Amino acid sequence: MTKHELPKAYDFKSTESRVYALWETGGYFKPWNDPSRKGFDPTVKPFVISIPPPNVTGELHLGHAMFVSVEDLMIRYHRMKGIPTLWVPGSDHAGIATQLMVERHLLRTEEVTREELGREEFIKRTWDWKRKYGGMITNQIRRLGASCDWDRERFTLDDGLSRAVREAFVRLYEKGLIYRGPRLINWSPGLKTAVSDLEVEYNEEEATLYYFKYMLKDSQEFIPVATIRPETILGDTAVAVHPDDDRYKKYVGKLVIMPMLGREIPVIADDYVSREFGTGALKITPGHDPNDYAIAQRHNLPVISLLDEAAKINENGGPYQGQDRFECREKLWSDMKKAGLVIKEEKYLTTVPRSQRGGEIVEPMISTQWFVKIEPLAKAALQAVRDGRIKIVPERFEKVYYNWLDNIKDWCISRQLWWGHRIPVWYCENSHMTVTREDPSECATCHSKNIHQDDDVLDTWFSSGLWPFSTLGWPDETPDYKYFYPTSYLETGYDILFFWVARMVMDGLEFTGQAPFHTVYLHGLIRDEHGQKMSKTKGNVIDPLTVMDELGTDALRFTLLVGATPGNDMNLSVKKVEANRNFANKIWNAGRFVINAIDSLPSESAMGDPTLADSWIWTKTQQLLRDVDRLFQTFQYGEAGRQIYEFFWSDFADWYVEIAKEQMQNDGMKKQTVITLARILDMSLRLLHPFTPFVTEELWGHLRRTLLDSPISNIASDWPEALIIAKWPEAHEPEEREESALQDFGKIQEIVRSIRNARAENHVKPSIRFKFKLVSDEDFDLLQRNSYAITCSTGTYPPEIVKRLDSKPVDHIGLVSGSTEIYLPLADMVDKSDEKSRLEKELKEAEAQIERLAQLLAGDFAKKAPASVVDKEREKLAGFKETAEKLRAQWKA
RNA sequence: GGGCGCAUAGCUCAGUUGGUUAGAGCGCUUCUCUUACACAGAAGAGGUCAGGGGUUCGAGUCCCUUUGCGCCCACCA
């Protein structure tokens, strides 16, 4: 028999590299993935997740660690249940982010700009970059233990997905759901591209509110107007007042003179204007403000574009042409001051639109862009959640989802970038448009060969929206697509519910006619230990790679899984991870103990009947299995992890293993003890596996090898099913036996705790062993059978057990635990008065409980509450009464 | 302006069909290097579950309300 030498402390580094290598070489995740696999059952519905594709430029952060942990848990759980699983990995080309990064990279290394290289060359360089560094993020995700189907890795710009994007675009276009035209959009001057409404963030910032005069034509009168962006005065085409505003009514229909440029513009009346706010008069800049744009439409006002693509003033700004928007703001204002048109300036708190990516202030501008007519898609997407085809966890996000889709606006999908899916539209010299799936060689209308493709690319999220089916082969009816689509869960952070989830639902319904998944599970965001957002400037960022290096991947995963509730943000601290590193070590050492126990079991050992401790831990395990399954099915992964943790550490390691040590000293109990240890460890490892895959994989391998060497037969199955305890025959029915095992063992635990407590309170050194007495009529047999458990857990010599005592033994102190009296020979070590006051205190407590319960049972409770609940309280009362009686007897003695 | 979340032990948080002495981790106090583990074991202190009202035999849990913090959405110059 070979000894399995395992290191004393859990060495997660070597374990992780070893286990990782095992997964890499062993085809560990393969078995269920392939429909062509032998023995494959096509009638079993597979469990499928599409990974939220991280940006190729990304570096692993806690958000990634979070989704990988949760999704990997979901996948491993289903895989262990024997359900075919597929977890499609991949990454996103991330238009803006990647383009910016590569631009910066090229500038640094080769000192060339994007423009100098030209479009074609730049894209080539970007692909080079992608090939070189794009694998970084996926490797980091692998390191987290992500059991993805890596042979199916996809990239949003690869050929198949690009085809899907074209297909989607053309279909929408042909259906009239995509159109092109000049509209007011959000323009990012830094990036020189349009961005969608979602990509604009509004921050409250302190700004200046500028008050000035709009002079009436041929008059000394003026209308006071306030603005935050004085430079937009140059683009004004009206001044609006409320129709019922007595102050300004008289001016409606007259003309006012635009400052500096001297253009004459009308005063109009519109009830959009609020009389209370500012001066009650509103300048109208249709070219650069969405509200003004709407008003201009109502009143047939001209629209003036004032800014170029870099947000510099264009030819419409007269003398200010060529100035930056902020520069112009100052210049114009100081000119107006000189001209006596200024009234005042005021500090003002307002919401400033900033680009999510670049951070600069976004300008609303009129621009010709491509849009998706979103309403029909949104309606279908709303319906899918309303009628339950898609369920969102936690449920409250359904409201958020409804609210967004109810108020959704057309989606601007064109971007003035180079890196991305180029819009599949060609123009000829006669301004015909050709929209096709395949690159055309001539104009579809006039057959001109002189055509060129639209310069713009599509919003990255356009391709992400197709992800659940484009990764499976759509638009082709591939075997994968037919078998694995629609997917099962969609798991991601709630922050991209709109960006991604809603769009996938819309696209899925539109293009495949099915909801792309039936459940959306949203996790929260990770903050620092005091709930602050992590940011580089605050210096509170926790790097998952560092944490994995220092404390292990399992510890990080367990922390993320157990510390979080769906949809709620979680505060993470390294201390929590440390605690879970300790847990991994606990698993390791308990495993080590069991493996050594199996090793040391002589082959000729005979099987005995289970002890109370055996039955108890077995029962606890069964309960745990049932609870964990229930919790998993209701997405309460954190609670499940917590319960497994509790069970493993407290019940198994602290109690059962300690008693098992004693049982193994007894030849008659040895075999069943070792078997119980092995079985409980085995089940624990399986339950823990989705949380902490590395340590469990490693230990399970050792366990299995040890078992093969040992006289115990092999263990094998996947996710443990709750078994009926009656497999070990005893007189009672299973449920009753479970109850009695729990109750009886509880009594033993109580006695042990009483003795330990007495030892600690009286400072009896652990090295001192003593005999003691147990007195109980009711539990005499129980105590006799299990006294060894008490002895070994309290560092004592075996007790003398009797049914009753005539008088309190001399030199002993008395304790009461339920119906059992305990006498410890410690009287000479204890202060008599302390002893008295202790008894008194305990008696008082018992009496208080008796009083409370008596009152409870005397009231309506006994009549109206269910019998089982009432009975429980009655039993408690009886217990306290007995305890009190025994305490009183000791008090007297 | 709408919507949502949170408020439980010193700190960070669990507590999902309401069941009657409210849990964990860290921190704190006291003991122990007992042959799986000091990344440990044992014992212990610590909470009127934010305030108020209601439903109920029974509320941390359900309803209303107040206060404080946070988030999301929204076009008020």
Side-chain angles (χ1 to χ4, degrees), chain A residues 6 8-10 202 209 225-229 232 240 272-274 276-285 289-294 348 350-351 364 394 396-397 399-400 403-404 407 494-495 497-498 524-525 527 529-531 551 555 559 562-565 567-573 575-576 578-597 631 634-636 638-639 642 645-646 650 653-654 657-658 661 753 756-761 763-767 793-795 845 848-849 852-853 856 859-866 868-870 872-873 876:
Chain A
L6 303 175
K8 201 165 164 179
Y10 170 48
Y202 293 86
L209 191 55
V225 176
T227 181
I228 286 181
R229 301 182 293 161
T232 62
Y272 167 78
V273 181
S274 142
E276 296 74 34
F277 192 86
T279 64
L282 178 62
K283 62 191 266 323
I284 304 298
T285 320
D289 185 285
N291 301 313
D292 295 4
Y293 185 77
Y348 183 69
T350 186
T351 49
R396 70 184 131 91
F397 281 100
K399 247 190 194 173
V400 181
N403 183 48
W404 188 70
N407 300 299
Y494 65 74
D495 53 331
L497 179 62
F498 307 143
L525 275 29
R527 300 162 173 284
E529 59 184 311
H530 298 292
L551 299 167
T559 307
V562 164
T565 334
N568 282 17
D569 292 352
M570 100 171 260
N571 296 356
L572 181 75
S573 67
K575 285 210 161 172
K576 283 188 190 173
E578 268 171 23
N580 290 322
R581 181 269 321 259
N582 295 353
F583 180 50
N585 188 54
K586 193 69 179 179
I587 299 171
W588 177 257
N589 274 296
R592 212 158 63 94
F593 172 80
V594 174
I595 285 164
N596 287 334
L631 291 166
T634 51
F635 306 98
Q636 299 179 73
E639 184 59 20
R642 233 168 273 123
Y645 178 103
E646 277 293 307
S650 308
D654 287 346
V657 166
E658 289 310 312
K661 286 176 188 170
R753 285 199 191 99
R756 282 175 177 169
N757 179 290
R759 285 189 78 131
E761 286 204 335
H763 306 290
V764 180
K765 290 214 160 194
S767 53
S793 306
T794 52
E845 262 174 39
Q849 292 298 335
R852 188 182 63 80
L853 288 166
L856 180 70
D860 286 345
F861 172 75
K863 280 177 265 167
K864 300 205 177 175
S868 62
V869 178
V870 178
K872 233 157 110 192
E873 297 308 309
K876 274 191 210 163

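Numbered from 1 within each chain, the chains take letters A, B, ... in sequence-line order. Keep in mind it's a predicted model, so treat the numbers as computed, not measured.
Using Watson-Crick or G-U wobble geometry with both donor-acceptor distances under 3.5 Å, B:G70 finds its partner in B:C4. The partner of B:U34, taking Watson-Crick or G-U wobble pairs whose two distances both stay under 3.5 Å, does not exist in any strand shown. With a cut-off of 3.5 Å on both pairing distances, B:A22 has no Watson-Crick or G-U wobble partner at all. Across all strands shown, B:U29 pairs with B:A43; the Watson-Crick or G-U wobble distances both stay below 3.5 Å.
When the C1' atom is used for both B:U66 and B:C28, the distance is 36 Å, rounded to whole Å. A distance of about 48 Å separates the C1' atoms of B:A77 and B:G60, rounded to the whole Å. To the nearest whole angstrom, the two P atoms, one in B:U16 and one in B:A22, are 15 Å apart. Across the C1' atoms, B:G52 and B:A59 are found 15 Å apart, a figure rounded to whole Å. Comparing B:U61 with B:U8, their P atoms are spaced 14 Å from each other, to the whole Å. Nucleotides B:C6 and B:C64 are separated by 14 Å at their P atoms, to the nearest Å. B:G1 and B:G27 have their P atoms separated by 46 Å, given to the nearest Å. Taking the C1' atoms as reference points, B:A7 lies 14 Å from B:G47, given to the whole Å.
Closest contact between the side chain of A:R592 and the listed nucleotides B:A36, B:G19, B:A77 involves B:A36. Across B:C4, B:C73, B:U21, the shortest atom-to-atom separation from the side chain of A:F498 is found for B:C73. Of all nucleotides listed (B:G25, B:A43, B:G5), B:G25 comes nearest to the side chain of A:Y645. Listed nucleotides B:A77, B:U32, B:G44 differ in distance to A:P766; the shortest reach to its side chain belongs to B:U32. Of the listed nucleotides (B:G5, B:C57, B:A77), B:A77 has the atom at the smallest distance from the side chain of A:I228. Distance from the side chain of A:K876 is smallest to B:U21 among B:U21, B:U16, B:A77.
For A:R759 (side chain) and A:G795 (main-chain N/O), a donor-acceptor pair under 3.5 Å exists by modelled atom type. Side chain of A:N596 to backbone of A:R592: a donor-acceptor contact under 3.5 angstrom is found.
When the nearest nucleotides of RNA chain B are assigned to A:T634 and A:E646 by heavy-atom distance, the more 5′-ward of the two goes with A:T634. RNA chain B is contacted by both A:A281 and A:Q849; A:Q849 maps to the nucleotide lying nearer its 5′ end (nearest heavy atom per residue).
Within 4.0 Å of A:V657, counting heavy atoms only, lies at least one base atom of the nucleic acid. A:F635 comes within contact range of no nucleotide atom at all, as no heavy-atom separation falls under 4.0 Å. Nucleic acid contact class of A:A590 (heavy atoms, under 4.0 Å, all strands): base. Among the atoms of the strands shown, none is found under 4.0 Å from any heavy atom of A:V594. Within 4.0 Å (heavy atoms only), A:S274 reaches at least one base atom of the nucleic acid. When heavy atoms are screened at a 4.0 angstrom cut-off, A:N589 is found touching base atoms of the nucleic acid. Residue-level contact check: A:R396 touches the backbone only, with heavy atoms under 4.0 Å from sugar-phosphate atoms and none from bases. Using a 4.0 Å heavy-atom criterion, one finds that A:A653 contacts the bases of the nucleic acid, with or without backbone contacts as well. No engagement by A:S767 is indicated, since no non-hydrogen atom pair under 4.0 Å with the nucleic acid exists. Among the protein residues, A:D654 comes within range of the sugar-phosphate backbone only, with heavy atoms under 4.0 Å from sugar or phosphate atoms but none that close to a base.
The nearest whole Å value for the distance from the NZ atom in A:K575 to the P atom in B:A24 is 18 Å.
With hydrogens and angles left out, the side chain of A:K8 and the base of B:A36 share no donor-acceptor pair within 3.5 Å. Scanning atom types as modelled, one donor and one acceptor separated by under 3.5 angstrom connect the side chain of A:Y272 and the base of B:C75. Taking 3.5 Å as the limit, the base of B:A36 and the side chain of A:E658 contain a donor-acceptor pair of atoms between them. Not a single donor-acceptor pair, N or O on each side, falls under 3.5 Å between the base of B:C4 and the side chain of A:K399.
No cation-pi contact links A:K586 to A:Y645, judged by a cut-off of 6.0 Å to the six-membered ring centre and 45° from its axis.
Side-chain nitrogen and oxygen atoms of A:K576 include none within less than 4.0 Å of the OP1 or OP2 phosphate oxygen of B:C26.
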